[in-house]
Amino acid sequence: MTAEERIEEPETMDEVPEEEKEEVEVEAKAETETETFEPSIVGILCNWCSYAGADLAGISRIQYPPNIRVVRVMCSGRVDPQLVIYTLLEGADGVLALGCHPGDCHYQSGNLEAQEKFEALLKVLRHTGMDERFQYEWVSASEGARFAEVVRGFTDHIRSLGPSPVPEDDIARFRLRAALREVSDFRLRWLIGRQRNIQENGDAYGQESDREKWDLVMDKVLRDQFIRAQIIERTLEGPASVEDMAEVIDADTVEIFRHVQRLRITGRVAIAGHRGHSPLYRATGVEAE
Amino acid sequence: MPGLRKVDRLKKLLLILPCDEEMEGLLDPESLAEEMNDPENWVFARSDPRLCGPDRSDYIADLVKETEAQAIIVGGPSDRTHGSVWRQEASLVGIPPDRVELVPLVQQCIYVTDEKDAARRRAKIMIESALARVDTGIDRAVERVKAMQAVLVIGGGVAGMQAAWDLADFGRQVYLVERTGELGGRAHQLSRTYPTQDCKPDGCCPQSCRDCQFTPRIDLVTSHPLIELLLESEVRSVKGGIGGYQIEVHSPETSRLLEVGAIVVATGNVMFDAGEMGELSPWHPDVISFLELEKLIDWQRKEDRAWEPLRRPSDGKVPKNIHFLQCVGSRDEHHGTIECSLVCCTYAVGQAKDLKDMLPDATVAIHYMDMRGPYRGFERHYLEAQESGVLFMRGRVVEIEPDNGNLMLSYEDIDIGEPVTMEADLVVLSVGQLPTPGTAELAQMLGVPLDDDGYIGEDNTTYSLWDRRGVYVVGCAAGPRGIRYSVRDGREAALSIDAVLRRTQIELADNIAEVDDERCVGCGQCVESCEYGAVTLEERTDLQTGRKYRVAIVDPRRCWGCGNCHATCPSTAIRLSGFSDDQLVRQVELASGGHR
Ligand SMILES: Cc1cc2nc3c(=O)[nH]c(=O)nc-3n(C[C@H](O)[C@H](O)[C@H](O)COP(=O)(O)OP(=O)(O)OC[C@H]3O[C@@H](n4cnc5c(N)ncnc54)[C@H](O)[C@@H]3O)c2cc1C
Ligand code: SF4
Ligand code: SF4
């Protein structure tokens with residue numbers, strides 16, 4: 001979904017028939033009373049396009065919600081999925097990453113590299129239920145108005161989602177921590193890094209791979225990795241049985257068990273004891289993120 | 001990590017500029033500075049009119065002395081517009097560029113909202129973020145590279161020749177690589193140049209063009225002992241960076257490796273081929289471009305027919321109806337380029353006037369959108385053309401149809417607002433200018449970015465203290481311009497290069513990627529992610545086990561500091577200084593702590 005689609009033009013009062021006006025006003029008042037939620041939004045902007053677009057919006061005096069706090073990077077290609085997840089873990093209600101339009105990157109193709117990372121990140125975030133809180137868009141240096149529009153749209157969208165569950169909800173934090181572990185994993189990072197190259201040049205055997213097929217593979221890998229990351233997170237909290245894990249992990253015990261076995265083989269979890277007949281597992285050789 | 005030292009905490013001088021009226025009203029810089037001032041935590045905040053006055057540097061020097069500040073944070077302007085200004089200011093008091101932060105209160109705070117509280121809150125958050133950035137920064141050991149003293153000039157038009165001549169004059173060895181078999185470039189092909197029309201052609205003048213007072217002489221450039229001319233040659237590969245480039249040049253018989261400290265790109269540009277604009281019948285022999293007109297004039301001259309009138313190509317008749325069409329393939333969204341080519345109005349007006357003088361009975365008309373002559377002297381030149389009887393018609397010709405041996409022009413006359421048709425027997429197309437083919441490949445080799453319109457970006461003509469590339473783009477290689485400006489570009493580049501290489505040691509202090517050898521597993525992802533070929537894998541041998549392993553190394557001279565490698569490296573071993581994880585993490589932490 002793009003920002004434009006999200007923005008619903010508010011009806012102006014002039015268009016509302018006289019007799020309904022009162023009603024609308026009362027409603028509006030009621031709304032402002034409940035609507036005290038001011039989301040915290042972190043905008044990661046590339047220096048050459050979107051940051052310049054933000055400057056231009058200001059100079060052109062186009063107002064936008066001041067909720068967005070800007071973090072400048074030189075290129076959207078510098079935006080590590082880790083950083084976005086970390087930001088959400090810190091309690092930000094939304095993260096907006098902006099870069100140059102495809103073809104306009106100051107560094108040739110940093111934004112395309114970024115897009116690959118962001119698409120993978122969105123898939124990861126989907127498992128955590130937080131994907132709606134991250135969005136990436138392209139804004140050029142000359143698009144001050146568009147910058148304001150994107151920020152307004154995203155802020156409204158986050159407002160409608162309500163506050164981030166992170167501060168209150170243990171499960172939400174647990175999942176994000178697992179996601180952070182997932183995107184810090186060497187193999188996954190390697191795969192994301194290869195993504196664009198494989199798309200463009202085919203795989204190592206010179207075979208062309210089409211996007212759909214690749215996406216299916218990625219989906220599977222990401223789901224598996226997410227479950228494993230959650231197993232590690234859960235067992236870091238304390239020894240846990242497969243049943244304990246199933247309470248927090250969105251997968252059945254059979255699937256979890258399969259992954260636990262994999263992790264045992266690679267030496268990342270070990271049996272720590274038993275509760276009744278069920279073995280308890282604990283993480284080994286990994287640290288909390 | 002060798003060469004890196006984590007900064008503990010710095011004494012920070014926070015300067016909030018009070019000069020903007022609206023800022024004054026909404027933020028009250030003075031009280032904001034008072035509020036932010038926190039000497040215990042090493043934040044020294046000031047807002048003083050002197051910051052915007054003529055004694056700014058003295059005032060700042062005093063403040064730095066008084067507070068022993070190690071970093072400067074400026075509240076007001078944006079890094080994009082004023083970053084270099086303030087980094088220079090800071091360098092005067094010995095503060096390195098990576099310890100200067102700009103907080104764009106003007107662009108990103110005071111106009112965003114007109115609510116005082118919200119603006120103030122926003123300003124504080126922005127400032128805190130900048131303070132955190134310098135405190136979490138990484139001090140780079142300043143990298144120094146030795147400078148080779150020779151210079152390579154690519155392209156032997158007026159711009160390249162001027163650069164080569166001046167550099168050789170400073171005593172430097174210069175290699176001048178030219179694709180064709182002769183020097184002079186475009187200017188040398190023009191019979192006359194405007195608005196400074198000097199002598200009439202006589203064929204034996206040694207100048208590279210008729211703008212003779214301004215341009216370098218081909219014979220002198222050719223015979224200069226320090227200029228080595230490589231004609232019919234091209235650059236094949238480029239390695240290294242500022243101070244030490246290794247360039248492979250192919251010439252007809254040989255291939256050579258040149259070692260130079262800096263490179264001048266003077267490859268000019270080319271003209272739009274109107275072939276794709278079928279509606280203008282470009283295939284018709286009497287629909288010609290500027291260069292074909294030059295050929296007609298040249299033919300007339302060479303064959304010693306100087307006093308004969310010009311003849312049209314199709315049947316050799318003397319034309320009676322000559323029409324110039326401006327902006328063909330320029331200022332056009334569908335053909336050529338949307339940009340103006342800058343010289344064609346001047347040139348067409350001059351050619352039209354000369355033709356009118358030559359053929360007083362002929363109708364000579366110029367169809368134009370706006371007359372653009374960005375040169376001193378143009379207006380007089382334009383008036384003269386009007387006085388001599390050249391017709392100026394505003395409107396874009398939409399169609400040219402061959403008609404009975406002649407040509408029919410249809411167009412909308414903007415001044416009378418009606419469609420008009422008109423007969424012509426010779427049409428000259430003022431075609432736009434486009435980047436020289438091969439520019440993208442050359443840019444890729446040199447590791448410099450292209451602008452939106454395909455020219456090498458002019459922001460690389462960094463005639464500045466912070467030059468890290470040693471690549472200078474001059475003349476039409478950086479976009480259309482007149483002869484004098486092309487020549488001046490060449491001269492400017494020569495001066496800057498001389499100043500940079502003279503230092504013999506070049507300091508590289510900016511955002512550069514660095515590899516943590518301990519973490520790097522040699523997977524090579526970073527090599528692929530870097531658009532500038534700045535990262536390579538080096539094979540090493542473990543002295544104890546004798547095992548061979550690979551590790552990434554960054555050539556700091558080629559790194560542009562985008563950080564793509566940083567976010568891509570699977571083992572987070574390669575890091576971009578100035579945008580380290582510590583810095584960004586601290587910034588997002590501050591930013592996430594909501595309004596709640
Ligand atoms: C039709 C026309 C009319 C003009 N009229 C006027 C006028 O009246 N007044 C005025 O002031 N200006 C005029 N100009 C502009 C003027 O010609 C230019 O400003 C000037 O010639 C630019 O010089 P340059 O050295 O930058 O490029 P060029 O003269 O184009 O020289 C570039 C050189 O680089 C060489 N080259 C290209 N690529 C490579 C490569 N990869 N390797 C090696 N060599 C390479 C080319 O062969 C060429 O010799 C006119 C231009 C045109 C097209
Ligand atoms: S991507 Fe990272 S681990 Fe791989 S070679 Fe580069 S620096 Fe080393
Ligand atoms: S920061 Fe950018 S330019 Fe520098 S080495 Fe990394 S990818 Fe290449």
Side-chain angles (χ1 to χ4, degrees), chain A residues 37-44 47-48 51-52 54-67 69-75 77-83 86-88 90-93 95 104 106-110 113-114 117 163-164 184-190 192-194 197, chain B residues 78-81 104 106-115 118-119 121-122 125-126 129 133 443-444 449-450 452 457 459 511 521 523 525-526 528-532 560-572 576 578-579 581 583-585 587-596:
Chain A
F37 168 52
E38 283 297 339
S40 67
I41 292 186
V42 179
I44 311 180
N47 185 59
W48 305 97
Y51 195 77
D55 279 356
L56 184 65
I59 301 167
S60 326
R61 295 163 195 232
I62 306 169
Q63 297 200 341
Y64 53 86
N67 305 50
R69 284 87 185 266
V70 174
V71 174
R72 182 175 70 109
V73 289
M74 294 313 277
C75 177
R78 168 70 185 88
V79 185
D80 197 317
Q82 279 180 334
L83 187 71
Y86 183 80
T87 310
L88 290 170
E90 279 295 304
D93 298 308
V95 181
D104 282 354
H106 186 80
Y107 301 103
Q108 306 184 13
S109 66
E113 298 268 344
K117 292 180 186 120
S164 160
S184 309
D185 178 73
F186 182 91
R187 277 156 310 170
L188 189 70
R189 289 177 71 83
W190 187 83
I192 296 174
R194 298 294 307 163
N197 204 287
Chain B
S78 171
D79 196 289
R80 294 209 14 105
T81 50
V106 172
Q107 287 87 345
Q108 295 185 22
C109 180
I110 57 170
Y111 296 143
V112 172
T113 168
D114 38 27
E115 236 184 275
R121 220 177 315 134
R122 187 171 170 79
I125 292 167
M126 288 167 74
S129 183
R133 260 185 70 78
Q444 178 87 29
L450 294 177
D452 294 350
D459 58 333
N511 314 319
V521 299
C523 70
Q525 288 278 69
C526 50
E528 277 175 39
S529 74
C530 179
E531 286 283 352
Y532 300 102
W560 276 83
C562 65
N564 202 358
C565 55
H566 186 146
T568 305
C569 172
S571 38
T572 49
L576 178 65
F579 294 87
D581 285 339
Q583 282 173 305
L584 296 184
V585 159
Q587 278 187 292
V588 299
E589 279 170 2
L590 284 170
S592 310
H595 286 248
R596 286 176 278 150

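Chain naming here is simple, since letters A, B, ... match the order of the sequence lines and numbering starts at 1 in each. Here the structure is a predicted model, which means the values were calculated and not measured.
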Look at A:G58, A:G43, A:A114 and state which one has the largest set of heavy-atom pairs under 4.5 Å with chain B. A:G58
Could you check which of B:L576, B:V106, B:T568 has the highest count of heavy-atom pairs closer than 4.5 Å to chain A? B:T568
By a 4.5 Å heavy-atom criterion (distance strictly below it), what part of B:C526 contacts chain A: side chain, backbone, both, or neither? neither
With no hydrogens and no angle check, is any side-chain donor or acceptor of B:S592 less than 3.5 Å from a backbone partner on A:G91? no
Flag side-chain contact, heavy atom, 4.5 Å: A:Y51 against B:S78: yes
Looking at A:S164, is its backbone amide N or carbonyl O close enough to the side chain of A:D93 to form a donor-acceptor pair, meaning the two atoms are under 3.5 Å apart? yes
A:I192 CD1 to A:E113 CD distance, which is reported to the nearest 0.5 Å: 12.0 Å
Where does A:Y107 contact chain B at under 4.5 Å (heavy atoms): side chain, backbone, both or neither? both
A:Q63 atom CD: more than 12 heavy-atom contacts under 6.0 Å: yes
At a 4.5 Å cut-off on heavy atoms, which part of A:V95 comes close to chain B: side chain, backbone, both, or neither? neither
Ranking A:R189, A:M74, A:R78 by heavy-atom pairs under 4.5 Å to chain B gives rank one to A:R78
I'd like to know if the side chain of B:R133 and the backbone of B:G578 have a donor-acceptor N/O pair within less than 3.5 Å. yes
Pairs of heavy atoms under 4.5 Å with chain A: top-ranked of B:Q587, B:R80, B:E589: B:R80
Flag the one option from B:S529, B:C109, B:C569 with the top tally of heavy-atom pairs under 4.5 Å to chain A. B:C569
Taking side chain as everything from C-beta outward and backbone as N, CA, C, O, which of these in A:R72 sits under 4.5 Å from a heavy atom of chain B? Side chain, backbone, both or neither. both
Any side-chain heavy-atom pair from B:V585 and A:Q82 closer than 4.5 angstrom? no
